[in-house]
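It should be emphasised that the depicted structure is a prediction, and the values quoted were computed from it without experimental measurement.
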Amino acid sequence: MSGLEALMLLCFGAAWPFSIVRSWKSRSTQGKSLFFLLVLILGYLAGIANKLLYHFDAVLFLYLLNVLMVSADAVLWLRNRRYEITNAAASSQK
């Protein structure tokens with residue numbers, strides 16, 4: 001197992017729970033980019049593919065955890081965008 005790779009994934013992964021909670025509570029897409037989240041998901045999927053095809057080790061589970069958290073944040077971004085559109089439409093009808 002690559003200790004430095006595991007540390008990198010742990011450091012990146014430490015921020016996602018806070019980001020998810022912020023997305024859940026704020027119901028806003030402010031400060032978030034769906035494109036950026038999708039690029040991160042693609043990067044984590046590439047890391048997972050590398051582990052499955054060439055170098056299987058326990059770090060795979062950190063990649064899986066991170067891709068799940070970023071995916072959850074992306075789903076919340078979509079939910080929040082729908083809220084923003086719905087609220088904007090309701091405000092414009094008043």
Side-chain angles (χ1 to χ4, degrees):
M1 178 169 83
S2 171
L4 294 176
E5 185 180 17
L7 179 61
M8 175 199 65
L9 290 167
L10 287 169
C11 290
F12 286 164
W16 289 113
F18 298 104
S19 182
I20 291 167
V21 169
R22 180 178 169 256
S23 293
W24 180 265
K25 288 182 178 181
S26 72
R27 294 188 173 200
S28 171
T29 60
Q30 292 292 319
K32 302 267 178 143
S33 165
L34 182 60
F35 178 75
F36 180 71
L37 293 172
L38 294 175
V39 168
L40 288 173
I41 290 168
L42 179 63
Y44 285 133
L45 290 176
I48 290 168
N50 179 62
K51 291 297 176 187
L52 292 174
L53 296 172
Y54 303 111
H55 192 263
F56 186 85
D57 62 22
V59 175
L60 170 68
F61 299 104
L62 293 174
Y63 278 108
L64 291 170
L65 179 61
N66 280 332
V67 80
L68 288 174
M69 289 189 290
V70 177
S71 296
D73 210 14
V75 168
L76 287 171
W77 189 97
L78 294 169
R79 178 200 76 157
N80 293 344
R81 184 68 182 136
R82 189 171 24 132
Y83 284 149
E84 291 171 346
I85 291 169
T86 301
N87 289 338
S91 295
S92 69
Q93 290 180 356
K94 290 181 180 180

Exercise for the section: Take atom CG of L53 as the centre, draw a 6.0 Å sphere, and report whether it contains more than 12 heavy atoms from other residues, nucleotides or ligands. Expected result: yes
Handout entry: I48-L10 co-clustered via ILVMFWY side chain contacts under 4.5 Å
Key = yes
Handout entry: Reported CH2-to-CG distance for the pair W24 and D73, which is rounded to 0.5 angstrom
Key = 12.0 Å
Exercise for the section: Decide yes or no for E5 and K51: does some side-chain heavy atom of the first lie under 4.5 Å from some side-chain heavy atom of the second? Expected result: yes
Problem - same_hphob_cluster(L52, I41) at 4.5 Å side-chain heavy-atom cutoff - result: yes
Practice task
Specify the closest pair of heavy atoms between L37 and A74, including all atoms of both residues, with the distance to one decimal.
Solution key: CD1-CA, 3.8 Å
Exercise for the section: Please answer whether the main-chain N or O of S23 pairs with a side-chain N or O of N80 as donor and acceptor at a distance below 3.5 Å. Expected result: yes
Completion exercise
In this structure, CG of L76 is separated from OG of S28 (nearest 0.5 Å) by 12.0 Å
Exercise for the section: Look at the side-chain heavy atoms of Ile, Leu, Val, Met, Phe, Trp and Tyr, link any pair under 4.5 Å apart, and say whether L68 and V39 land in one connected group. Expected result: no
Completion exercise
So CG of L65 and OH of Y44: to nearest 0.5 Å the spacing works out to 9.5 Å
Practice task
Report yes or no: do V67 and L34 belong to one cluster of Ile/Leu/Val/Met/Phe/Trp/Tyr joined by side chain heavy-atom distances under 4.5 Å?
Solution key: yes
Practice task
Decide whether L40 and L78 are clustered together by the hydrophobic rule: side chain heavy atoms of Ile, Leu, Val, Met, Phe, Trp, Tyr closer than 4.5 Å, transitively.
Solution key: yes
Practice task
Heavy atoms only: give me the nearest N66-F12 pair and the separation to one decimal.
Solution key: OD1-C, 4.4 Å
Practice task
Can you see which heavy atom on A89 is nearest to which on S92, and at what distance?
Solution key: O-OG, 2.9 Å
Exercise for the section: Test M69 against S19 for side-chain contact (heavy atoms from CB on, under 4.5 Å), laying out the working first. Expected result: CA-CA 9 Å; M69 289 189 290; S19 182; over 6 Å; no
Practice task
Scan E84, R79, R82 and name whichever one has a side chain to side chain donor-acceptor pair (under 3.5 Å) with T29.
Solution key: E84
Problem - Side chain proximity check, M8 to S2, heavy atoms < 4.5 angstrom - result: no
Handout entry: Heavy-atom side-chain contact between R27 and N87 under 4.5 Å
Key = no
Completion exercise
Here the gap from F56 atom CZ to N50 atom CG, rounded to the nearest 0.5 Å, amounts to 12.5 Å
